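Every value quoted in this text rests on a predicted model; they were computed, and no experiment measured them. In each ligand, atom 1 is the first atom listed, and ligand 1 is the first ligand listed.
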Amino acid sequence: MISALTLDIKTDGWTTSRGFIKRQIAMPELDETNNPVDALSVIVKVKYAGMCGSDRGIWTRVAFTEMFAGALAKQNKTLRILGHEFVGEVVAAGSLVESTYYDIHIGSNVSGDSHVTCGKCYQCRLGEEEVCQDQAILGISTDGIYAEYVKIPAKNLWAVDFNRIRPEICALFDPFGNAVHALTKVDVRGARVAIFGAGQIGMFAILLARHFGASKIIAVDVNPANLALAKQLGAHETIQIDPSLAKTNLYDADAGVIKKIQELTYDKGVDVSLEMAGFNSSVNNCIEATRFGGQIILFGIKDGDFTIPHFSRMIVKGFTLHNIIGRQIFKTWQIAQRVLSDKTNGIQDAMWNVIMKQGNGTIIPLSEFSSELVEAKMNEHPKLVFAIQK
Ligand SMILES: [Zn+2]
Ligand SMILES: [Zn+2]
């Protein structure tokens, strides 16, 4: 048996529990006789696994409610292994893996995309796998990677080199890739950019907006500690959302924030705004903060209906909306790898020294996992990583 972080929708319940539940589960195995697809799967010994905004949404049960329950019902089971950001080593490979993928074999160090795409649908056949209509997401709609050993389709893996990128940062390829995907969707050269939500992916977005040549980056968040980090990472300006307002104002744009953004952009509004918090008010902040003809990137996800007042402004102001889901497989990964491998741009160092605080308090060994510990660390740090195995 092996240790894993899980949620059993029957015994724990979705609304009657909170957090992740550590359990002993069976060691995964490749069984090509009964499961022919295992010929193209591998067993990965997981070293590090990240905890991101979606995992926090599952921890507090505010996101993926329907997807989570629906997938389990379809698979006729109740237990889900959670987690989707990882780095580890391939310790067993199906009989067709080595002949199908150049760089995936026993001994490869790998990270991998959390979206398991079908390969059959119209979008997959066009090479637009990020919008596969029949995809499963690790740790949400299929079993994830918070376990000592996991079985994963080899096609999801991306070989990594610890000489170029340290293992703890390799575990963050997936969320870093979200930011790369967002910042390569629009041209930010010389642009004024507002980032609503300076959590982990918002922080990666600040680093990348700087790297790709934005002329002014304005970070907006309710948490002053996140804003202090945002400044260290290269945001030119930070604006704090009034915490008392954030609790009561769930829908409307924040007039104080918008006024400051107008001042910082000489009454024009930003060229590009990124919604990275997943709140209704944050979407409306983006709409209010963006100049006529500007671009809005929507990334944050939350269950339920959103309200957009004066919808006609969206058309009248001539915005372009971009919805960022996942990463382009593997185009985004290639860019992410190059950005992180270049030691002269300071991005990998900033992620490790500033966001991850060199591992001080941000890395939790699986053996020490407890709900109380994770809750405490979540409040202290934007990014947590579980050290699963040595
Ligand atoms: Zn994630
Ligand atoms: Zn597909």
Could you check His181, Gln123, His115 and say which one makes a side-chain contact (heavy atoms from CB on, under 4.5 Å) with Glu130?
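Result: among His181, Gln123, His115, His181 is the only option passing the side-chain contact (heavy atoms from CB on, under 4.5 Å) with Glu130.
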
Taking the N/O/S atoms of Glu85 one by one, which is nearest to the Zn ion (ligand 1)?
OE2

Just by modelled atom types, is the Lys47 backbone N or O under 3.5 Å from a matching donor or acceptor in the Glu148 side chain?
no

Which residues pass the side chain to side chain contact (heavy atoms under 4.5 Å, CB included) test with Ala225, sequence neighbours left out?
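Once residues adjacent in sequence are excluded, the partners of Ala225 under the side chain to side chain contact (heavy atoms under 4.5 Å, CB included) criterion are Asn223.
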
Residues in side chain to side chain contact (heavy atoms under 4.5 Å, CB included) contact with Asp349, at least two apart in sequence or another chain:
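Scan of Asp349 (side chain to side chain contact (heavy atoms under 4.5 Å, CB included), adjacent residues dropped) gives Asn353.
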
Transitive ILVMFWY cluster of Ile81, excluding itself - 4.5 Å side-chain cut-off
Ile2, Ile25, Met27, Leu30, Ile43, Leu79, Val91, Tyr149

Using 2.8 Å as the threshold, say whether any N, O or S atom from Asp174 sits that close to the Zn ion (ligand 1).
no

Ignoring water, what protein N, O or S atoms are under 2.8 Å from the Zn ion (ligand 2)?
Cys118 SG, Cys121 SG, Cys124 SG, Cys132 SG

Distance (rounded to the nearest 0.5 Å) between Asp221 CG and Ile239 CD1
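These two atoms lie 11.5 Å from each other.
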
Any donor-acceptor pair under 3.5 Å linking the side-chain atoms of Ser17 with those of Arg61?
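Arg61 vs Ser17: donor-acceptor pair found between side chains.
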
